[in-house]
Number of protein chains: 2
Amino acid sequence: MLTSILAPGSGINVLPLELTFGGDVESKPTSSFVDGQSIYSSGERAGQAYRVEFGAVRVYRVLANGRRQILAFHFGGDWFGLQNGDRHRSTAEAIGVTGIRSISLQRNPYIWQGLMPAVLENFSSAQEHQLVIGRQSAIERVAAFLAEMSERTGGLHRFELFMPRVDVADYLGLTIETVSRSLTKLKNKGIIRLHGPRGIEIVQCRALEDLCL
Amino acid sequence: MLTSILAPGSGINVLPLELTFGGDVESKPTSSFVDGQSIYSSGERAGQAYRVEFGAVRVYRVLANGRRQILAFHFGGDWFGLQNGDRHRSTAEAIGVTGIRSISLQRNPYIWQGLMPAVLENFSSAQEHQLVIGRQSAIERVAAFLAEMSERTGGLHRFELFMPRVDVADYLGLTIETVSRSLTKLKNKGIIRLHGPRGIEIVQCRALEDLCL
DNA sequence: CGTGCCGTTGACAGGCGTCAAGTACAGTGG
DNA sequence: CCACTGTACTTGACGCCTGTCAACGGCACG
């Protein structure tokens, strides 16, 4: 519904800054982050919109007892860090060497309207993820994760995971052991092939999607 | 960050229509729904913004195997149904007799910007819920649910649940039996008291919050 | 009073978390 | 060149939590 109004015909995720705002926005240049470096932390003052230029980002929250839930992964072109309230309730970290461009929302309050597609996209992803972690078994979650990663890397059947197992586990609400076992099961069923710890090859795409339900 | 720009000092959830849009919006009058009646269904064309006037709404998706996940409950003042794409991916149903006001987004495209606080609020709730269903045990989820319901009914320590057990279960990613058992455990610990199947009284508010971590 | 729905409780099995051991590999320093 | 170390990942054993199946009670309704 919104795409037809604000961003006709274009994927919401890949809006270049210039297309969205007409190029007259005060944007800082791309800044680079190393693996694990914090982009913003829970409790810090908010007020920026961030976009991944290259690399990847994990956004997570940690419960008082130390359990971590990764809320979302963001890749090239994705906007993140958009929220209500004046303080961040989550933490964003670079995965590998990552380039981030940020915009001050205080200095450019009118750009909120241009960010609506990005916010809706983030919202939609969060809802999608609620189904996965709320109602799917371990192997189904891992299957859904691989399908999502495949789709977000351009629909490739062979790709490398950006993140370690612990990130996958904390994204899916599982432990690293269960993720590992689920991958092994998928491999033994002939649905995927593993090429080293990070390399994934989807052999039976249809079977994988059937598992996602 | 956004509240200070678009809705200074007011709770995002309770923005009256008039305050947000200046009263010059083509809004249909409040329409009434009976218990279980569909407000919109998955697959239908989107293009409306909805607001709960009275009663309550559940928004859910159903997986191919029949498992249901309730994504959110909405109460008086809440906006819902906002999304990208032109077709609904979820279903919204009334819980009990419910009044809904809707606005056509096609006829009032400019109101999107006024809905940003509502979208961010929905997004924030979805993220919050990801933590609950991803990283908390059954009793912690139920505790978090009770705390949420208490907060959303105005911070009352004694309130009635709008929804049956199956809705609570499908919201929390549990079964009705586990929800029931968790409530019994909370009761036996003296943290809550149960007044009939729907009546909840929070006795030890602090202990309940400690469980939510 | 029978029927159906909702909720609770019990018995049991299975999936997943926990704990532990083992492998592969990159980096470091001798 | 190779031992040493730390990290990431896998695999196995075991136990608990929660899902499944079943029985039961309370209540509204016909």
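Sequence lines set the chain letters: A, B, ... in the order given, protein chains first and strands last, and positions in each chain run from 1.
- Rounded to the nearest 0.5 angstrom, A/Ser125 OG and A/Phe73 CZ are separated by 12.5 Å.
- Counting only residues at least two apart or on different chains, the side-chain hydrogen bond (donor to acceptor under 3.5 Å, both in side chains) pairs with a member in residues 57-77 of chain A are A/Arg58-A/Glu93, A/Arg58-A/Asp167, A/Tyr60-A/Glu93, A/Arg61-B/Glu128, A/Asn65-A/Arg67, A/Arg67-B/Glu140, A/Arg68-A/Asp167, A/Arg68-A/Asp170.
- Take the nearest nucleotide of DNA chain D for A/Ile176 and for B/Thr178: the residue whose nucleotide is more 5' is A/Ile176.
- In this structure, a donor-acceptor pair under 3.5 Å is absent between the side chains of B/Thr178 and B/Arg141.
- Against DNA chain C, the stretch residues 54-62 of chain B makes no heavy-atom approach under 4.0 Å.
- With a 4.5 Å cut-off on side-chain heavy atoms, A/Ile70 and A/Val168 do not count as touching.
- The side chain to side chain donor-acceptor pair (under 3.5 Å) search around B/Ser150 returns none, not counting sequence neighbours.
- A/Arg181 and A/Glu177 are not joined by a salt bridge, as no carboxylate oxygen comes within less than 4.0 angstrom of a charged side-chain nitrogen.
- Here the CE atom belonging to B/Met116 is positioned 7.5 Å from the CG atom belonging to A/Leu120, to the nearest 0.5 angstrom.
- You can see that DNA chain C meets the heavy atoms of chain B within a 4.0 Å-exclusive cut from C/dG7 to C/dA11, reading 5' to 3'.
- Within residues 167-175 of chain B, the residues approached by DNA chain D to less than 4.0 Å at the level of any non-hydrogen atom are B/Gly173, B/Leu174, B/Thr175, in residue-number order.
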List, one per line, each side-chain donor-acceptor pair under 3.5 Å for residues 196-213 of chain B, sequence neighbours excluded.
from, atom 1, to, atom 2, distance (Å)
B/Arg198, NH1, B/Phe162, O, 3.2
B/Glu201, OE1, B/Arg193, NE, 3.4
B/Glu201, OE1, B/His195, NE2, 2.6
B/Gln204, NE2, B/Gly190, O, 3.0

Donor-acceptor contacts under 3.5 Å from residues 31-39 of chain A side chains, at least two apart:
from, atom 1, to, atom 2, distance (Å)
A/Ser31, OG, A/Ile100, O, 3.3
A/Asp35, OD1, A/Gly96, N, 2.7
A/Gln37, OE1, A/Val34, N, 2.9
A/Ser38, OG, A/Tyr40, O, 3.4
A/Ser38, OG, A/Ser41, OG, 3.0

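- A/His157 is linked by a side chain to side chain donor-acceptor pair (under 3.5 Å) to nothing, counting only residues two or more places apart in sequence or in another chain.
- In this structure, B/Thr91 contributes its side chain and B/Ser42 its backbone to a donor-acceptor pair below 3.5 Å.
- Distance check, rounded to the nearest 0.5 Å: CD of A/Gln48 to CD1 of A/Ile103 gives 9.0 Å.
- The stretch residues 131-141 of chain A touches DNA chain C through A/Ser137, A/Ala138, each having a heavy atom within less than 4.0 Å of the strand.
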Take nucleotides 22-30 of chain D nucleotide by nucleotide from the 5' end and write B, S or -, depending on whether a protein heavy atom sits under 4.0 Å from the base, only from the sugar-phosphate, or from neither. ---------

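- Between A/Arg45 and A/Asp86 there is a salt bridge, since at least one side-chain N of the basic residue sits less than 4.0 Å from a carboxylate O of the acidic one.
- Using a 4.5 Å cut-off on side-chain heavy atoms (C-beta onward), A/Val57 and A/Val59 make contact.
- Applying the salt bridge (charged side-chain N to carboxylate O under 4.0 Å, His left out) criterion to B/Glu160, with sequence neighbours excluded, gives B/Arg158.
- Taking every heavy atom of residues 179-203 of chain B and every atom of DNA chain C, pairs under 4.0 Å involve B/Ser180, B/Arg181, B/Thr184, B/Pro197, B/Arg198, by number.
- Here the straight-line distance linking atom CD1 of B/Ile139 with atom NZ of B/Lys185 works out to 5.5 Å at 0.5 Å rounding.
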Apply side chain to side chain donor-acceptor pair (under 3.5 Å) to residues B/Tyr171 and A/Gln130 and explain how you reach the verdict. CA-CA 10 Å; B/Tyr171 180 59; A/Gln130 281 185 54; over 6 Å; no

